[in-house]
Amino acid sequence: MESREAGSATDLAYMRMALDEARAAAAAGEIPVGAVVVANGAVVARSHNVREARQSALAHAEILAIEGASARLKSWRLEECTMYVTLEPCIMCVGAILQARIARLVFGCLDPKAGAVRSLYRLCEDARLNHRVTVADGVLAEDCGRILSDFFADLRKAKQGGRSSIKQ
C-alpha cells in the first residue's frame, strides 16, 4: 500500500484536476467527487458526480470517467490508464475499475462509510478476482476531505435554515 499526502508531482497535478471536477459537482449541488483518467501522460476523460441531475444511481464520477475514456480510446480495456479520484471509490465503482482493467488508481481521502479500496473492503487486491489494481491513496487527502466536509456542513446549514437549495 502506497500512502502519500504529497504524492509525485504528476499525481498532484492530476488530483488537482479531479478536485476541479469535484468543485464543479459541488457548484451544481452534487456530492463533490471528481475523477480524471490518464493514458500515456494525457487526460482522456474527466467527470464528476451527476446523480441528482440525471436521477441515476449510476452517475458516479468514476463510472462516467470510465465511459468517457472507453469512448475516446475506443476500447473497454483501459489497461494503460490511471484513474485519479478525490474520494475512495465505492463497491460499484471499484467493480467498474476492475472490469475496465484500469492499471492504477490514485485517490484522495478515505470513505469510511462506503469505501471499497481500503476502508470497508480491499477489492483492488482481492486474489479471488481476475484483475488487480495498483493503488496510491492519500494524495491531497486533506483538500479532498475538506471539499466534502464543507459541502455537507453547508447542506446541514441549509436544512436548519428551512431552505434546501443544495440537493441531497
Side-chain angles (χ1 to χ4, degrees), residues 1-2 4 6-111 114-118 121-126 129-141 143-145 147-148 151 167:
M1 171 172 111
E2 301 172 71
R4 292 175 179 62
S8 72
T10 301
D11 286 350
L12 291 169
Y14 291 126
M15 188 59 76
R16 285 186 185 104
M17 289 182 193
L19 277 163
D20 288 343
E21 288 294 325
R23 287 183 195 95
E30 301 278 356
I31 294 175
V33 177
V36 173
V37 178
V38 176
N40 302 313
V43 174
V44 294
R46 52 192 299 167
S47 191
H48 55 268
N49 280 356
V50 291
R51 289 190 317 172
E52 295 299 330
R54 293 191 183 180
Q55 287 299 296
S56 172
L58 304 177
H60 286 209
E62 300 95 324
I63 301 294
L64 300 174
I66 289 169
E67 286 180 344
S70 293
R72 175 125 181 242
L73 298 173
K74 297 180 177 22
S75 177
W76 64 268
R77 288 181 179 92
L78 303 178
E79 297 163 325
E80 303 299 318
C81 293
T82 297
M83 174 177 280
Y84 294 85
V85 63
T86 56
L87 178 66
E88 178 183 8
C90 69
I91 293 171
M92 174 180 71
C93 292
V94 172
I97 289 164
L98 290 165
Q99 289 296 316
R101 311 297 195 264
I102 288 176
R104 184 168 179 255
L105 170 67
V106 180
F107 70 88
C109 60
L110 294 171
D111 184 351
V117 180
R118 298 276 190 249
Y121 305 97
R122 299 180 78 86
L123 294 178
C124 290
E125 59 195 55
D126 191 321
L129 301 173
N130 68 339
H131 179 69
R132 304 299 168 281
V133 178
T134 301
V135 175
D137 61 26
V139 176
L140 295 178
D143 294 338
C144 294
I147 193 170
L148 285 158
F151 176 83
K167 297 173 185 158

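Computed over heavy atoms, backbone and side chain alike; hydrogens, waters and symmetry mates excluded.
- Residues satisfying the side chain to side chain contact (heavy atoms under 4.5 Å, CB included) criterion with Ala59, sequence neighbours excluded, are Val50, Arg51, Arg54, Ser56, Leu64.
- For residues 17-61, there are no ring-ring contact (aromatic ring centres under 6.0 Å, His included) pairs, not counting sequence neighbours.
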Extract all donor-acceptor atom pairs below 3.5 Å that involve side chains of residues 31-46 and protein atoms in other chains or at least two apart in sequence.
residue	atom	partner	partner atom	Å
Arg46	NE	Glu21	OE2	2.9
Arg46	NH2	Met17	O	3.4

- Message: Run Ile63 and Met92 through side-chain contact (heavy atoms from CB on, under 4.5 Å) and show every step you take.
- Response: CA-CA 9 Å; Ile63 301 294; Met92 174 180 71; 4.1 Å; yes

- Task: Would you sort out whether Val85 and Cys93 count as a side-chain contact (heavy atoms from CB on, under 4.5 Å), showing the intermediate values?
- Result: CA-CA 11 Å; Val85 63; Cys93 292; over 6 Å; no

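- Rounded to the nearest 0.5 Å, atoms CZ (Phe107) and CE (Met83) are 13.0 Å apart.
- Around atom CZ of Arg72, no more than 12 heavy atoms belonging to other residues, nucleotides or ligands sit under 6.0 Å away.
- Of the possible donor and acceptor atoms, none in the side chain of His131 sits under 3.5 Å from a partner among the backbone N and O of Ile97.
- A distance of 11.5 Å separates CG in Leu123 from CZ in Arg132, rounded to the nearest 0.5 Å.
- Considering all non-hydrogen atoms of both residues, Cys90 and Ala116 come closest at C-CB, 3.6 Å.
- The salt bridge (charged side-chain N to carboxylate O under 4.0 Å, His left out) check on Arg23 picks up Asp20, with sequence neighbours excluded.
- Judged by distance alone, the side chain of Thr82 and the main-chain N or O of Leu105 form no donor-acceptor pair under 3.5 Å.
- Applying the ring-ring contact (aromatic ring centres under 6.0 Å, His included) test to residues at least two apart or on different chains, the pairs with a partner in residues 68-94 are Tyr14-Tyr84.
- Going from atom CG of Asp111 over to atom OG1 of Thr86 covers 10.0 Å, rounded to the nearest 0.5 Å.
- Checked against side chain to side chain contact (heavy atoms under 4.5 Å, CB included), Glu79 has the following partners two or more places apart in sequence or in another chain: Arg77, Arg101.
- Between Glu88 and Val135, the closest side-chain pair of non-hydrogen atoms is not below 4.5 Å.
- Going from atom CD1 of Ile147 over to atom CG of Leu140 covers 11.5 Å, rounded to the nearest 0.5 Å.
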- Give the C-alpha distance, both sets of side-chain angles, the deciding distance and a yes or no for side-chain contact (heavy atoms from CB on, under 4.5 Å) between Met15 and Cys144. CA-CA 9 Å; Met15 188 59 76; Cys144 294; 4.1 Å; yes

- Task: Would you check, one step at a time, whether the test side-chain contact (heavy atoms from CB on, under 4.5 Å) holds for Leu87 with Leu148?
- Result: CA-CA 9 Å; Leu87 178 66; Leu148 285 158; 3.7 Å; yes

